[in-house]
Trainee: 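Below: one structure in structure tokens.
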Amino acid sequence: MTAAGAGAGDRGNLPSTPGGQALSAPLLGRAEEPTLFEHSSPGRKAWSFRTTGIPELPREELVPSDHRRTAPVPVAEVSERDLVAHFTRLSHRQFSVDLGAYPLGSCTMKYNPKVCDAVAALPGLAGVHPAAPASLTQGWLRLLVDLEAALCEITGMAAATLQPAAGAAGELTGLLLMRAWHEARGDARHKVIIPDSAHGTNPASVTLGGYEVVTVPSDERGCVDMAALAGVLDEDVAGIMLTNPNTLGLFEEDIAAIAASVHRVGGLLYYDGANLNAILGLVRPGDMGFDIVHMNLHKTFATPHGGGGPGAGPVAVSERLVPFLPGPRPVRVGGGTDDPPVYGWSTPERSIGRMHSWHGNALVLARALAYLTLHGRDGLRSVAEIAVLNANWIRQRLSGTYDIPFDRPCMHEVVVSARNLRQPNGVRALDVAKRLLDKGFHSPTVYFPLIVEEALMIEPTETESPQTLEALASAFEAIAYEATSLPADTLTDAPHHTPVRRVDEARAARTLIPTFDARP
Ligand SMILES: *Cc1c(COP(=O)(O)O)cnc(C)c1O
């Protein structure tokens with residue numbers, strides 16, 4: 001694809017280099033990039049092996065004839081230099097958390113300190129075989145036990161499993177724990193309550209866990225409608241799954257009353273803690289009466305995410321659910337006050353079984369402990385405080401330009417509506433999001449939560465500076481101005497300056513070989 005009409009001088013708000021100059025177009029990878037096969041030249045290679053002195057055996061002796069290739073492997077033949085340049089250029093055609101602000105609500109796309117990657121890459125961590133016996137992996141086991149303790153302290157829970165591979169896997173784990181607990185009491189139940197402001201994975205997990213979803217609406221404050229909740233609570237309710245802060249970015253004001261009323265009918269309380277970034281070190285789900293909490297380490301604790309992972313969605317539980325946790329779990333098995341601790345594995349007596357092989361996504365767990373250690377208690381609290389401050393700064397700043405349906409103090413993200421931009425040009429939230437790419441920012445989440453018309457869900461995160469927030473807010477304001485004052489296609493055709501312009505989103509997600517219009 002060519003440099004889609006990026007006129008000189010029409011640079012939007014492209015991110016600047018530290019020296020203050022805007023990145024040049026070739027650096028942003030707008031030029032055509034051939035495939036690796038087009039770079040290929042016979043005989044070039046990107047590897048060299050030392051000769052070992054071990055005599056080479058003829059391949060006829062090593063591989064039976066019916067398994068041997070008859071034609072050469074069809075791979076591109078390129079030098080290391082060309083290979084690195086190719087992938088570096090491709091990486092520059094993409095937006096990333098390392099390049100600029102990424103206010104994708106609900107996803108907590110914050111900048112991840114590189115030191116956490118460095119820790120995870122230590123040979124003593126990265127090079128260990130998962131099947132190595134406990135006697136040889138005491139350091140790894142200690143890391144996992146320490147991480148579990150830290151997550152329990154942060155959430156106010158008794159114990160945690162580190163196995164689940166992501167938030168949704170944590171949700172399923174939590175629901176299986178809920179089911180196991182009820183069934184162990186001879187009280188199989190069938191329904192799980194979910195507010196309509198919950199994250200979309202919640203109802204999916206409930207269905208996968210074998211329960212029926214009962215939805216309760218939000219009231220005019222954007223919180224759980226307490227009267228509606230009272231109307232659906234009965235002895236067939238296994239529990240409630242509460243996303244808090246909810247997907248409107250609001251703290252559930254009646255959380256204590258919700259907890260009490262669900263416990264009253266014998267239900268359990270599940271806390272979707274994927275938005276933990278908002279409450280770190282400030283409040284704890286355990287203290288609010290919750291029984292199960294999942295966390296998204298890849299959102300809150302420094303693992304880069306997107307593109308399918310890997311992530312980690314540990315689930316922390318209250319005392320009464322500990323015997324059901326997935327196993328085997330890394331635990332301290334010995335050592336005394338004077339002797340060093342000894343670590344091993346143990347499976348809880350009524351375990352629901354494994355949710356992941358081996359140690360879970362271990363290197364994600366290592367990054368999380370590095371991040372926790374790096375910040376410490378006070379640092380974590382300021383993560384949440386600044387995340388909340390930044391979201392409220394954006395809310396306040398945009399309140400004159402965009403509709404804000406629930407305009408009261410929010411937590412780590414704010415949901416604004418683009419419905420006021422529809423006249424006169426038919427501009428929609430999607431157009432605003434696409435145009436933001438031209439201005440050097442990633443798009444916010446759009447059309448979610450479903451209960452807000454033309455929703456733009458903005459999560460600035462704590463890692464953005466006041467200057468970046470100012471630039472982001474200015475970009476939103478400029479777009480609102482363009483929506484009413486410039487020709488419609490300024491927005492409805494955006495983005496204009498990215499390597500790939502507007503695609504048919506449904507088709508792009510289903511057709512892996514791109515067939516979209518290149519629009520030279
Ligand atoms: C991201 C998110 C999830 C799902 O987490 P995944 O790791 O993507 O499976 C669940 N709930 C909330 C509130 C989230 O923001």
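Each ligand, and each atom within it, is numbered from 1 in the order the structure gives. In this text, all values refer to a predicted model and were calculated from it rather than measured experimentally.
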Trainee: Verify whether one side chain among Thr215 and Asp196 offers a donor that lies under 3.5 Å from an acceptor in the other.
Mentor: no
Trainee: Could you tell me if His263 and Asp291 have a donor-acceptor pair between their side chains, going purely by distance under 3.5 Å?
Mentor: yes
Trainee: How are the rings of His359 and Trp140 set relative to one another: parallel (under 30°), tilted (30 to 60°) or perpendicular (over 60°)?
Mentor: tilted
Trainee: Can you give me a line-by-line list of nitrogen or oxygen pairs between ligand 1 and the protein shorter than 3.5 Å?
Mentor:
unit_1   : atom_1 : unit_2 : atom_2 : d
ligand 1 : 5 (O)  : Asn296 : ND2    : 2.9
ligand 1 : 7 (O)  : Gly167 : N      : 2.8
ligand 1 : 7 (O)  : Asn296 : ND2    : 3.2
ligand 1 : 7 (O)  : His298 : NE2    : 2.7
ligand 1 : 9 (O)  : Gly167 : N      : 3.4
ligand 1 : 9 (O)  : Ala168 : N      : 2.8
ligand 1 : 11 (N) : His199 : ND1    : 3.4
ligand 1 : 11 (N) : Asp272 : OD1    : 3.2
ligand 1 : 11 (N) : Asp272 : OD2    : 2.6
ligand 1 : 15 (O) : Ser106 : O      : 2.9
ligand 1 : 15 (O) : Ser106 : OG     : 2.9
ligand 1 : 15 (O) : Lys299 : NZ     : 2.7

Trainee: Decide whether Glu459 and Thr108 meet the rule of one side-chain donor and one side-chain acceptor closer than 3.5 Å.
Mentor: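 There is such a pair between these side chains.
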Trainee: Which residue pairs pass the salt bridge (charged side-chain N to carboxylate O under 4.0 Å, His left out) test when at least one of the two sits in residues 107-128, sequence neighbours left out?
Mentor: Asp98-Lys114, Lys110-Glu462, Asp117-Arg367
Trainee: To the nearest 0.5 angstrom, please state how far the CG atom of Leu389 sits from the CD1 atom of Ile394.
Mentor: 10.5 Å
